[in-house]
Visitor: 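This is the structure I want to talk about, given as structure tokens.
In this chain, numbering begins with 1 at the start of the sequence shown.
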Amino acid sequence: MDPTTVVLIELGAVFLGLGLLGRLAARVGMSPVPLYLLGGLIFGHGGLVPLSGIESFGDVASEIGVVLLLLMLGLEYTAKELVTGLRRSWLAGLVDLVLNFVPGAALALILGWGLIGGLVLGGVTYISSSGIVAKVLTDLGRLGNRETPVVLSILVLEDLVMAVYLPILTAALAGVSFWGGFRAVGIALLAVTLVLLLALRYGPQISRLIHSPDQENFLLKLIGAALLVAGLAAALQVSAAVGAFLLGIAISGSTAHSAAKVLAPLRDLFAAMFFVLFGINTDPATIPPVLLLALALALVTSVTKVLTGVWAARRAGIGIPGRIRAGTALIARGEFSIVIAGLAVAGGGASPELAALATAYVMLLAVLGPIATKLAEPVARALTGRPKRSPQPAGQD
């Protein structure tokens with residue numbers, strides 16, 4: 001059969017399967033990320049129905065998926081919000097980093113995966129899934145709660161840490177020298193600072209340059225700018241994902257709102273392809289041996305995330321129910337943990353066991369995180385002896 005025909009058939013099957021999995025996830029009220037990973041395991045090497053014709057397309061599509069994920073994340077924040085969040089919550093961010101990076105890094109070192117393995121797994125366990133957290137808080141009607149700004153501030157700080165972490169990881173995977181890594185970090189910090197200053201000073205002008213009343217023209221300029229900035233950032237060894245994130249920050253106002261609406265379907269499509277490709281590149285036979293490790297790591301880092309949220313909410317003067325809700329909201333891991341593991345796999349710096357552990361870990365917490373967040377309310381009521389909260393006014397605890 002003609003190779004192009006094979007690719008079309010396989011892509012059609014994959015996209016149709018992703019649509020069905022997404023519908024199933026929506027019906028049961030969970031994130032589709034674990035099901036996308038599971039689909040990749042089924043269609044990957046060692047899976048039930050191995051696919052081989054879509055890998056070349058999948059590589060490019062998954063890179064675009066990462067760029068769009070980070071671009072959309074950047075669109076959620078303005079430079080002023082980032083600076084304000086950094087000033088108010090830097091200590092909570094530091095506690096979050098220490099409590100949640102250390103377990104993953106320590107496990108990797110214990111298992112003999114080396115410093116790079118520790119750097120990768122520490123990042124996987126550190127960052128919460130902004131997408132899952134935001135969706136769960138919206139679905140549960142908690143956006144107006146007093147603890148929600150605390151949760152969002154921690155997520156913003158995690159995203160800022162990623163702007164420095166990803167260049168360090170990229171440099172480490174490339175095997176550059178200490179001074180080369182130091183230079184990469186310096187360039188990353190300079191880029192973040194410069195973009196924040198430009199966004200604060202020239203945000204409206206940048207937004208006007210990108211914006212267009214014609215949706216086709218708007219989409220072309222937006223995607224073109226994102227890929228161009230991502231490529232230039234990668235050329236400077238800053239990380240394409242960070243470049244896209246910084247561009248998103250620079251776009252503000254109504255342009256950012258319009259960009260988020262027009263990009264959402266494309267982000268979902270290419271991001272789904274990224275998760276599937278990660279699953280395809282992971283041999284299912286490597287997961288059972290690390291499943292108990294993944295479960296133990298998931299339990300430990302769930303506790304550390306809850307402690308992070310409880311401590312930050314307590315420091316903000318929020319009551320016990322709000323502290324519990326804040327802590328459980330941070331448990332879910334998802335897209336960015338897989339991005340980190342995917343970078344390591346692509347760069348040859350991760351063993352198959354590490355990739356398998358990251359896959360199992362994310363699948364567990366992408367499911368358990370939203371469940372724990374939902375159960376936080378009855379648990380808080382039981383601990384405090386309070387009656388069920390009425391939906392209005394929201395979040396007075």
Visitor: Are Trp90 and Val95 joined in one hydrophobic group, where the rule is that I, L, V, M, F, W and Y side chains link up if heavy atoms are under 4.5 Å apart?
Guide: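 Per the 4.5 Å side-chain linkage, Trp90 and Val95 are co-clustered.
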Visitor: Compare all side-chain heavy atoms of Val290 with those of Tyr361 and state whether any distance is below 4.5 angstrom.
Guide: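 They are not in contact (no side-chain heavy atoms under 4.5 Å apart), so the answer is no.
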Visitor: Can you list everything that forms a side chain to side chain contact (heavy atoms under 4.5 Å, CB included) with Ser129? Sequence neighbours excluded, please.
Guide: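 With sequence neighbours excluded, Ser129 shows a side chain to side chain contact (heavy atoms under 4.5 Å, CB included) to Ile132, Glu335, given in chain and number order.
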Visitor: Over all heavy atoms of both residues, which pair between Ala313 and Gly322 is shortest? Give the atoms and the distance, please.
Guide: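 Closest pair (atom of Ala313, atom of Gly322, distance): CB-O, 4.5 Å.
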Visitor: Flag yes if Leu91 and Leu99 sit in one hydrophobic cluster, no otherwise; membership is Ile, Leu, Val, Met, Phe, Trp, Tyr, and two members link when side-chain heavy atoms are under 4.5 Å apart.
Guide: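 Per the 4.5 Å side-chain linkage, Leu91 and Leu99 are co-clustered.
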Visitor: Do Leu247 and Leu75 have side chains that get closer than 4.5 Å, going by heavy atoms?
Guide: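 Sidechains of Leu75 and Leu247: no contact.
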Visitor: Shortest non-hydrogen contact from Ala329 to Thr373?
Guide: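 What the structure gives for the nearest pair is CA-OG1, 3.6 Å.
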Visitor: How many angstroms lie between atom CD1 of Ile251 and atom OG of Ser258, to the nearest 0.5 angstrom?
Guide: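 Output value for this atom pair is 11.0 Å.
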Visitor: Where do Met363 and Leu41 come nearest, in terms of heavy atoms and distance?
Guide: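 The answer is SD-CD1, 4.4 Å.
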Visitor: Salt-bridged, Glu377 to Arg325, with N to O below 4.0 Å?
Guide: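 Salt bridge present between Glu377 and Arg325.
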Visitor: Shortest non-hydrogen contact from Ser302 to Ile331?
Guide: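 Ser302 and Ile331 have their closest heavy atoms at OG-CG2, 3.6 Å.
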Visitor: Hey, does Leu266 have a side-chain heavy atom less than 4.5 Å from the side chain of Leu219?
Guide: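 Yes, their side chains come closer than 4.5 Å.
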Visitor: How many angstroms lie between CD1 in Ile210 and CG in Asn217, if you round to the nearest 0.5 Å?
Guide: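 Result: 10.0 Å between the selected atoms.
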Visitor: Tell me, yes or no, whether the heavy-atom count around Leu115 atom CG, taken from other residues, nucleotides or ligands under 6.0 Å, exceeds 12.
Guide: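 Counting neighbours around CG of Leu115, 12 or fewer heavy atoms of other residues, nucleotides or ligands fall under 6.0 Å, so no.
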Visitor: Linking I/L/V/M/F/W/Y whenever their side-chain heavy atoms sit closer than 4.5 Å, directly or via other members, would Leu354 and Ile287 fall into one cluster?
Guide: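 Linked, Leu354 and Ile287 end up in one cluster.
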Visitor: Using 0.5 Å steps for rounding, measure from the CG atom of Asp214 to the NZ atom of Lys221.
Guide: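 Interatomic distance, Asp214 CG to Lys221 NZ, rounded to 0.5 Å: 9.5 Å.
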Visitor: Checking Glu158 side chain against Ser128 main chain: does a donor-acceptor pair fall under 3.5 Å?
Guide: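 Confirmed, Glu158 side chain pairs with Ser128 backbone.
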Visitor: If two hydrophobic side chains count as joined below 4.5 Å and joins carry through other members, does Tyr36 share a cluster with Leu364?
Guide: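 Tyr36 does not cluster with Leu364.
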Visitor: Would a 4.5 Å heavy-atom cut-off, applied to side chains only, mark Ile127 and Tyr165 as touching?
Guide: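 Not touching, per the 4.5 Å side-chain cut-off.
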Visitor: Could you state the interatomic distance from CG (Leu97) to OG1 (Thr308), rounded to the nearest 0.5 Å?
Guide: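 That separation rounds to 10.0 Å.
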Visitor: Under the side chain to side chain contact (heavy atoms under 4.5 Å, CB included) test against Val310, which residue among Glu147, Lys305, Arg323, Arg315 passes?
Guide: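 Filter result, single survivor: Arg323.
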Visitor: Would you please name every residue forming a ring-ring contact (aromatic ring centres under 6.0 Å, His included) with Phe270, sequence neighbours left out?
Guide: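 Testing Phe270 for ring-ring contact (aromatic ring centres under 6.0 Å, His included), a comparison that skips the adjacent residues, returns none.
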Visitor: To the nearest 0.5 Å, how far apart are OG1 in Thr304 and CG in Leu330?
Guide: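 The CG atom of Leu330 is 10.0 Å from OG1 of Thr304, to the nearest 0.5 Å.
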Visitor: Should the heavy atoms of other residues, nucleotides or ligands under 6.0 Å from CD of Glu216 be counted, would the total exceed 12?
Guide: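 It does not: Glu216 CD has 12 such atoms or fewer within range.
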Visitor: Quick check: closest heavy atoms across Ala294 and Ala360, and the distance to 0.1 Å?
Guide: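 It is CB-CB, 3.7 Å.
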Visitor: Establish, from distance only, whether the side-chain atoms of Thr301 and Asn100 form a donor-acceptor pair under 3.5 Å.
Guide: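 Thr301 vs Asn100: no donor-acceptor pair found between side chains.
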Visitor: Can you tell if the side chain of Leu263 reaches within under 4.5 Å of the side chain of Leu68, non-hydrogen atoms only?
Guide: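 In short, these two side chains touch, coming nearer than 4.5 Å.
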Visitor: With clusters defined by side-chain heavy atoms of hydrophobic residues (ILVMFWY) lying less than 4.5 Å apart, directly or transitively, does Val300 cluster with Leu109?
Guide: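 Leu109 and Val300: separate clusters.
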Visitor: If you measure from CG on Leu299 to CG on Leu365, what distance do you get to the nearest 0.5 Å?
Guide: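 Reported to 0.5 Å precision, the distance equals 8.5 Å.
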Visitor: Less than 4.5 Å apart, side chain to side chain, heavy atoms only: is that true for Leu107 and Trp113?
Guide: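 With C-beta onward as the side chain, the pair stays apart.
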Visitor: Any side-chain heavy atom of Ile340 sitting closer than 4.5 Å to one from Tyr126?
Guide: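 A side-chain contact under 4.5 Å is absent here.
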Visitor: So which heavy atom on Leu222 is nearest to which on Ala259, and how close?
Guide: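 In this case the closest contact between Leu222 and Ala259 is CD2-CB, 3.5 Å.
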Visitor: For the residue pair Pro289 and Glu353, establish whether any side-chain heavy-atom pair is separated by less than 4.5 Å.
Guide: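 The answer is no; the side chains never approach within 4.5 Å.
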Visitor: For Arg333 and Val124, what are the C-alpha separation, side-chain angles and deciding distance, and is it a side-chain contact (heavy atoms from CB on, under 4.5 Å)?
Guide: CA-CA 8 Å; Arg333 272 50 158 214; Val124 169; 5.9 Å; no
